[in-house]
Amino acid sequence: LISPYSSTSDLSTLSPCLCTRNIGVLITRCCEELKRPGSVLFTLFSSLRQALGSSRSVSSLVCYGVGPFCCSAVSAYQFAVLLLLKQTFCPIRGCFVFDPLLGQACRNLCAEKGVTVLSQDEQASRAVSQPGGNAVDVFWMPHCGFELYRNVITANFSPSCLSSLVIIGNGMKHQQDREGIDWKRDMAAKLCLEEVVAPANQTAHEEGLRLCSSPAFNGTSVHWWPSQSVLEASMTPSALKKFRSTCHSPTSSSSKLSFC
């Protein structure tokens with residue numbers, strides 16, 4: 001079975017897998033490349049600053065699906081983005097990562113960099129830490145399957161939580177085309193897109209986030225939602241009830257929803 005955390009992009013494997021020291025050198029090199037003046041990463045960070053506004057900070061930074069960055073060039077770039085997000089936005093409650101493919105060398109580097117590896121697979125069903133507050137939780141989810149995005153949204157399906165949520169990952173408005181979602185079978189996915197994704201602000205970087213011909217960032221978008229008061233006015237009680245009734249538990253399957 002292919003994990004919903006998996007990327008379908010070419011992993012450009014670095015064989016054999018590197019030791020902790022060599023991984024550190026590789027990640028440092030990736031960070032330096034990403035920080036070059038004029039890098040498209042600055043556009044990504046600009047979108048995140050727009051989502052935060054002038055008065056909000058980052059409470060927690062959570063990464064799902066980064067992959068085995070000890071033996072994948074794509075994953076190395078994606079993990080480098082996580083470290084640069086941490087360095088730039090200084091999450092108050094910490095930085096967390098989970099991928100079932102993380103080996104011990106990757107875990108050792110995470111510890112060195114102050115990134116906490118989650119001990120349990122949450123299936124991306126994590127609620128934001130400060131609903132409706134002056135800080136947001138940022139989820140960095142490179143090339144995850146739609147079901148994981150849906151699980152994050154399900155766990156935060158209220159005006160106070162959605163207004164405190166930012167997701168950086170695949171452009172969800174186009175997920176149904178990429179993954180071939182069967183709307184008749186998957187009403188939860190349909191409602192997710194109609195009731196939750198449609199009102200979101202989405203800044204897409206479909207072509208821009210490509211480095212060294214790497215597929216690490218193609219299709220990347222930043223998603224955030226309006227203020228709590230705006231969501232309270234637009235999200236009707238019937239829509240809330242209908243969505244929750246179809247998403248009563250986190251989804252983790254090997255169906256088409258697992259793939260990007």
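Because only heavy atoms are used, hydrogens play no part in the values below, and waters and symmetry mates are left out as well, while side chains stay in.
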Test side chain to side chain donor-acceptor pair (under 3.5 Å) applied to Ser46 - qualifying residues, sequence neighbours left out: none
Parallel, tilted or perpendicular: rings of Phe69 and Phe79 (30°, 60°): parallel
Atom pair OG (Ser164) and CH2 (Trp224), whose distance is rounded to the nearest 0.5 Å: 15.0 Å
Interatomic distance, Leu34 atom CG to Ile27 atom CD1 [nearest 0.5 angstrom]: 10.0 Å
Steps toward side-chain contact (heavy atoms from CB on, under 4.5 Å) verdict (Ser125, Thr154): CA-CA 7 Å; Ser125 58; Thr154 301; over 6 Å; no
For Ser129, all residues meeting side chain to side chain donor-acceptor pair (under 3.5 Å), sequence neighbours excluded: Ser59, Asp137
Sole residue of Leu48, Leu52, Val128 in side-chain contact (heavy atoms from CB on, under 4.5 Å) with Val136: Leu52
Flag side-chain contact, heavy atom, 4.5 Å: Lys86 against Lys113: no
Qualifying residue, where the test is side-chain contact (heavy atoms from CB on, under 4.5 Å) with Ile167 and the options are Ile153, Asn156, Val222: Ile153
Partner set under side chain to side chain contact (heavy atoms under 4.5 Å, CB included) for Leu118, not counting sequence neighbours: Tyr64, Phe96, Phe98, Glu122, Arg126
Shortest non-hydrogen contact between Gly65 and Cys144, atoms and distance: CA-SG, 4.0 Å
Side chain to side chain, Leu41 and Lys35, heavy atoms closer than 4.5 Å: no
Within-4.5 Å side-chain heavy-atom neighbours: Pro91 and Ser60: no
Side-chain donor-acceptor pair present, Gln104, Asn108, cut-off under 3.5 Å: yes
Those residues that, when tested against Ser163, pass side chain to side chain contact (heavy atoms under 4.5 Å, CB included) (two or more places apart): Gln228, Leu231
Ser229: side chain to side chain donor-acceptor pair (under 3.5 Å) partners, not counting sequence neighbours: Ser227
Verdict with reasoning, Leu82 to Val66, per side-chain contact (heavy atoms from CB on, under 4.5 Å): CA-CA 9 Å; Leu82 177 67; Val66 70; 5.8 Å; no
Interatomic distance, Ser75 atom OG to Asp99 atom CG [nearest 0.5 angstrom]: 7.5 Å
Main-chain N/O of Thr43 paired with Ser47 side-chain donor or acceptor, under 3.5 Å: yes
Same apolar cluster: Leu165 and Val230, side chain cutoff 4.5 Å: no
Exercise: identify the closest heavy-atom pair between Arg36 and Phe42: O-CE1, 3.3 Å
Distance-minimising heavy-atom pair for Gln123 and Asn151: O-ND2, 2.8 Å
CZ-CG distance between Arg56 and Asn134, expressed to the nearest 0.5 angstrom: 8.5 Å
Taking every non-hydrogen atom, the tightest pair across Pro142 and Cys63: CD-SG, 4.5 Å
Value rounded to 0.5 Å, distance of CH2 in Trp140 from CD in Gln78: 5.5 Å
From CA spacing to verdict: side-chain contact (heavy atoms from CB on, under 4.5 Å), Val166, His223: CA-CA 6 Å; Val166 174; His223 303 80; over 6 Å; no
Same cluster (ILVMFWY, side-chain, under 4.5 Å), Ile92 and Val115: no
Atom pair CZ (Phe157) and CZ (Arg150), whose distance is rounded to the nearest 0.5 Å: 13.0 Å
Criterion side-chain contact (heavy atoms from CB on, under 4.5 Å) on Phe139 and Ile168, from CA distance to verdict: CA-CA 6 Å; Phe139 288 76; Ile168 307 174; over 6 Å; no
Proximity of Phe89 and Phe45 rings by center, below 6.0 Å: yes
Heavy-atom closest contact (Pro159 atom, Glu232 atom, distance): CB-CG, 3.5 Å
